Asks: 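Pasting a structure here, questions to come.
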Amino acid sequence: MAGLYITTKTINDEEAAKIFSTLAFTDLDWKSELKEEKLNFILSRVDKKNIWAPAQNDDEQIQVCLSGRIALDKVEWNKGLNGNNKGGLACSYIINEYLDKGLQITNELNGTYLILIIDKKKQQNLLITDKMGFYPAFYFICSEFISITTNFDSITKVVSNINYDLDTMAEMLKFGYSVHPNTYFKEIKQLDPASIYAITKNGIRKLKQYWELQPKFEFKQSKKELITDLSYAIKNAVKKRTQEFLGSTGLFLSAGADSRSILSGAENPSKVISFTFFDVQNNEYNLAKRIAEAYNSQHIGLKRDPEYYGLGAKFAAKVISGLWNITDAHYTNFLLTLNKYNIDNYLSGCFADFLFKGIAFNRKPVKLFNKNLPFYELDSFKQEWYFHVSEFFSKYNNLAQKRNLSAYQDIDLNLNNELTQWKIEKARLSPISREATFGSRQFLLRTLPWDPVLADNDLLEMFQKIPPRWKINGVVWKKAVYQIASEVRNIVDNNNLAPLNYNKFGVTIKFCEGILRRKITGKDVDGTSLNTVITRGSWPNLYYYLKSSKILNDLWSNNTVISVEIFNEILGYNPYDYSTIEWADKDINLFFRLLTLKLWLESNRL
């Protein structure tokens, strides 16, 4: 994918180039532009033009521009074949459906998208956002014009009279995420998900919200029925995105349940190229390789440099607009390598943790002999859930806390039943682009032809149907993956070293065996030493990394003048009084949030 900028302002070539620089981050990006008196857009994409380029119907005077992707089955794709339309097949499909159904087109839209429909006959410009906000878009309004963009940094390239929003910065630093619709600028807000907007010369008007998350688990389907329905939904979602005419497919593969579900559900798994990132070829890597080999999928391991995250930190902060966290930008330094494989569609298991494993609930770990097991129980409401909450010594501590609480203003938080738990989950995940690890997804959306499988309509339907008690430990999800992943059922989940169909007792035994082995030997099951930056999973130990990284220390200690005043005001103290080594023990989560914001401020100084 890449990005889109829409404005009613006349933009010159110099401004257009500056805007495009905030939408295009690789040599593979191509551009499409529309320059008219009443509306202009600049589109950047990194995928096939014949499928994803804008389209128009001159007879009907309609033009459609798509940023992101829609997902269609073979019958639906054939509807895009219309000799009267010129341009990409996806946008041609949208034109035909719009001509046939009008605004009811949203009933069938599926995927991760921002859609612009220019209808000159009806003299209207329409904008449609996706159902759960997987593809965020932002807007700026002044008396002369309006601008809408998938990257709010685009607006700062052509607008000078905007101001930082320190409340949002404080909220991001405290919680790791911020409440919709706020951004780092007071004048720029995020569009609502599942919405149809009308764009006028000086404004934007929300016509309707066409879809809303609803608690459908009260229909009381059995666990067995939900497992069967979810397994079908996974396969259907993946098959839509691995149709042969869409081109080659790449998969980011680990040794958990999520990514293997994608490989298992592919139309032809043997044609999928699987990529695994690693520091050493540990158990995670070896199991991922076995999963790929079971499906005859080519497996490519990409080894990280010891300073991988530091080396890519500046670029990552720029691409993700500083609004999330550079520690989640796992793909940064592999971008050029990945592009050499000319993959048309990248897939991953991203968002499964949030939608089907209950990490957006308040949870408490199940204990055995006062030790945490890999299971959770639902807990009463707290503002701190999956992400660490930091403390400040200024007025912004309470301001951020109140802002965060505003997301739950329509929920009776004193109740502790499943419906209340579901409402809290909904408040935290809609739009889903507000979750704290979204930086990795945003990087993919802006740099690679990535399609988030978990955004599929069938899977969002299942998200609403599964009750919290069966989400909390991924009960239904893992059993559904077990059903479809027939070739790799006997390959354990590296998270707990147990097969996907094991019950709690079986998982506990395997989990405890792993802990005991590591305690006695200091090594993982495959012999990997775990007393350094190396972990038994996919990602490094950030504590050890921060303690030893020269690059992170240099990034932190240089150019502090740009951010020191803002940080002093928000935190109530100067964070640069502490070294990176001291921050590792003080509050490592806050440190990486500060560093991300610092690097973004340096690249986008007003």
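Please read all numbers here as calculations on a predicted model, not as lab measurements.
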Asks: Under 3.5 Å, is there a donor on one side chain and an acceptor on the other for N362 and E384?
Replies: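 On atom types as modelled, these side chains do not qualify, holding no pair under 3.5 Å.
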Asks: Would you check if I148 and Y197 make a side-chain contact, meaning some heavy-atom pair closer than 4.5 Å?
Replies: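 Counting from C-beta outward, I148 and Y197 never come under 4.5 Å.
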Asks: Is the charged tip of K471 near the ring of F361: under 6.0 Å from the six-membered ring centre and within 45° of its axis?
Replies: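 Verdict for F361: no cation-pi partner in K471.
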Asks: Any donor-acceptor pair under 3.5 Å linking the side-chain atoms of S67 with those of T150?
Replies: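 Looking only at side-chain atoms, S67 and T150 do not form any donor-acceptor pair under 3.5 Å.
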Asks: Will you find, in the side chains of N151 and S321, an N or O donor that is under 3.5 Å from an N or O acceptor?
Replies: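 S321 and N151 do have a side-chain donor-acceptor pair below 3.5 Å.
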Asks: Not counting sequence neighbours, which residues clear ring-ring contact (aromatic ring centres under 6.0 Å, His included) with F356? List them please.
Replies: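 For F356 the ring-ring contact (aromatic ring centres under 6.0 Å, His included) partners, ignoring immediate neighbours, are W477.
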Asks: Does atom CG of N490 have more than 12 heavy-atom neighbours, drawn from other residues, nucleotides or ligands, at distances under 6.0 Å?
Replies: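 No, the 6.0 Å shell around CG holds no more than 12 heavy atoms from other groups.
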Asks: Just by distance, no angles: are the side chains of T168 and N182 close enough, under 3.5 Å, to form a donor-acceptor pair?
Replies: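 No donor-acceptor contact under 3.5 Å links the two side chains.
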Asks: Between atom OG1 of T228 and atom NZ of K479, what is the distance when rounded to the nearest 0.5 Å?
Replies: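 Reported value, rounded in 0.5 Å steps: 11.5 Å.
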Asks: Within the side chain of R441, is there an N or O that forms a donor-acceptor pair under 3.5 Å with the backbone of P452?
Replies: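 No.
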Asks: Ignoring hydrogens and angles, state whether a donor on the side chain of S270 or N268 is under 3.5 Å from an acceptor on the partner side chain.
Replies: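 Note: S270 and N268 side chains meet the donor-acceptor criterion.
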Asks: Within the 3.5 Å criterion, strictly below it, is a donor on D456 or N236 matched to an acceptor on the partner's side chain?
Replies: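 Short answer, no.
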Asks: Evaluate the side chain to side chain donor-acceptor pair (under 3.5 Å) criterion for residues D119 and Y98: first the C-alpha distance (whole Å), next the side-chain angles of each, then the deciding distance (0.1 Å), finally the verdict.
Replies: CA-CA 10 Å; D119 187 338; Y98 173 72; 2.6 Å; yes
Asks: Which residue is it: F275, F277, Y346? I am looking for the one with a side chain to side chain contact (heavy atoms under 4.5 Å, CB included) to Y331.
Replies: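 Output: one option passes, namely F277.
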Asks: Quiz question: by atom type and distance under 3.5 Å, do the side chains of Q209 and D192 form a donor-acceptor pair?
Replies: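 Side chains of Q209 and D192: no pair found under 3.5 Å.
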Asks: Under 3.5 Å, is there a donor-acceptor pair linking the side chains of N416 and S380?
Replies: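 There is no such pair between these side chains.
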Asks: Between F175 and Y177, how do the two ring planes meet: parallel, tilted or perpendicular, split at 30° and 60°?
Replies: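 If you compare the ring of F175 with that of Y177, the planes turn out tilted.
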Asks: Is there a donor-acceptor contact under 3.5 Å linking the side chains of T106 and W211?
Replies: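 Looking only at side-chain atoms, W211 and T106 do not form any donor-acceptor pair under 3.5 Å.
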Asks: Could you tell me which residues satisfy side-chain hydrogen bond (donor to acceptor under 3.5 Å, both in side chains) with D493, sequence neighbours excluded, listed by chain and number?
Replies: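 If we apply the side-chain hydrogen bond (donor to acceptor under 3.5 Å, both in side chains) test to D493, skipping adjacent residues, the hits are N495.
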Asks: Under the ring-ring contact (aromatic ring centres under 6.0 Å, His included) rule, what do F245 and W77 come out as? Steps first, then yes or no, please.
Replies: CA-CA 10 Å; F245 89 94; W77 278 116; 5.3 Å; yes
Asks: Quick check for you: to the nearest 0.5 Å, what is the distance between L253 atom CG and T276 atom OG1?
Replies: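 The distance works out to 4.5 Å.
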